[in-house]
Amino acid sequence: QVQLVQSGAEVKKPGASVKVSCKASGYNFGSDEIIWVRQVPGQGPEWMGWISAYNGKIHYGQTFQGRVTLTTDTSTSTAYMEVTSLRSDDTAVYFCARSHPGYGAYDYWGQGTLVTVSS
Amino acid sequence: QSALTQPASVSGSPGQSITISCTGTNSDIGAYNYVSWYQQHAGKAPKLIIYAVTNRPSGVSNRFSASKSGNTASLTISGLQTEDEADYYCGSYTSSNTVVFGGGTKLTVL
């Protein structure tokens with residue numbers, strides 16, 4: 001069965017960086033894009049960007065352009081999301097999801113990774 | 001890109017039907033038939049319940065249905081059950097090749 005398993009919770013200081021992983025299994029990792037979403041508790045999700053493991057194409061949401069880097073490692077079927085220059089308002093749960101079966105449709109999700117930014 | 005607009009809360013009794021609206025613009029909902037709906041229980045990841053405006057993924061109850069008219073999409077849940085109590089989010093593909101989500105609607109089953 002399809003599974004996306006994310007790395008554990010992180011606590012970071014303002015100005016630091018964080019890198020969250022998302023290991024996929026149960027399907028051909030290269031056949032679908034992986035997207036990342038940020039969700040502050042009590043608020044709606046914010047779409048961060050997508051990456052294609054097939055051809056390496058990436059597209060970022062405007063809010064996250066410049067501070068977020070998406071990568072993949074096809075040898076381990078793992079996607080990564082790195083945020084630099086962390087601020088307190090980056091405190092949120094970060095999710096990865098598989099983009100399938102169409103635009104804006106995400107059928108399998110990771111369990112979420114809580115990133116807390118605090119001095 | 002501004003978030004799609006959803007009512008903050010809706011409620012209904014078991015067995016009743018409710019509808020949640022989701023309003024966007026000519027650059028997202030009005031431009032594409034790529035509206036999705038997600039159900040999220042507290043502390044869990046979102047679950048896809050509708051994609052491409054009206055389609056249900058395999059395994060999703062046919063009590064969930066959806067539609068779109070102009071810049072507004074709607075999700076209807078019929079035969080409300082207690083397990084339907086959750087947050088619901090709409091999402092739409094946009095002309096910027098991104099996706100925008102709504103702020104969420106909390107469904108209470110009384």
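Quick caveat: nothing in here was measured; it's all calculated off a predicted structure. Below, read A as the first sequence line, B as the second, and so on, with proteins coming before strands; counting in each chain starts at 1.
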Are [Y] and [X] connected in a single hydrophobic cluster, I mean Ile/Leu/Val/Met/Phe/Trp/Tyr linked by side-chain heavy atoms less than 4.5 Å apart?
{"X": "B/Y34", "Y": "B/V100", "result": "no"}
{"X": "A/M81", "Y": "A/V115", "result": "yes"}
{"X": "A/V83", "Y": "A/Y80", "result": "no"}
{"X": "B/V60", "Y": "B/Y51", "result": "no"}
{"X": "B/I49", "Y": "B/I29", "result": "yes"}

Measure distances from A/V93 to the heavy atoms of chain B and classify the residue's part below 4.5 Å as side chain, backbone, both or neither.
neither
Side chain from CB out, backbone as N, CA, C, O: work out which of these in A/F95 comes under 4.5 Å of a heavy atom of chain B, or both, or neither.
side chain
Testing the basics here: between [X] and [Y], what is the closest heavy-atom pair and its distance to 0.1 Å?
{"X": "B/Y89", "Y": "A/Q43", "result": "OH-O, 3.3 Å"}
{"X": "A/A105", "Y": "B/S36", "result": "CA-OG, 3.7 Å"}
{"X": "B/G102", "Y": "A/P45", "result": "O-CD, 4.1 Å"}
{"X": "A/G110", "Y": "B/A45", "result": "O-CB, 3.4 Å"}

Most chain A-contacting option - heavy-atom pairs closer than 4.5 Å, from B/K47, B/K106, B/Q40
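Option with the top pair count is B/Q40.
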Among B/P46, B/G104, B/A42, which residue forms the greatest number of heavy-atom pairs with chain A at distances under 4.5 Å?
B/P46
To the nearest 0.5 Å, tell me how far B/S96 OG sits from A/W47 CH2.
9.5 Å
Please check: side-chain N/O of B/Y38 versus main-chain N/O of A/Y106, any donor-acceptor pairing under 3.5 Å?
yes
Using modelled atom types only, decide if a donor and an acceptor are shared between the side chain of B/T98 and the backbone of A/G61 within a distance under 3.5 Å.
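Side chain of B/T98 to backbone of A/G61: no pair is present.
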A/Q62 atom CD, over 12 foreign heavy atoms within 6.0 Å
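No - once you tally the heavy atoms of other residues, nucleotides and ligands closer than 6.0 Å, there are 12 at most.
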Taking the side chain as every heavy atom from C-beta outward, state whether [X] and [Y] have any atom pair closer than 4.5 Å.
{"X": "A/W50", "Y": "B/V99", "value": "no"}
{"X": "B/L48", "Y": "A/P101", "value": "yes"}
{"X": "A/Y103", "Y": "B/Y32", "value": "no"}

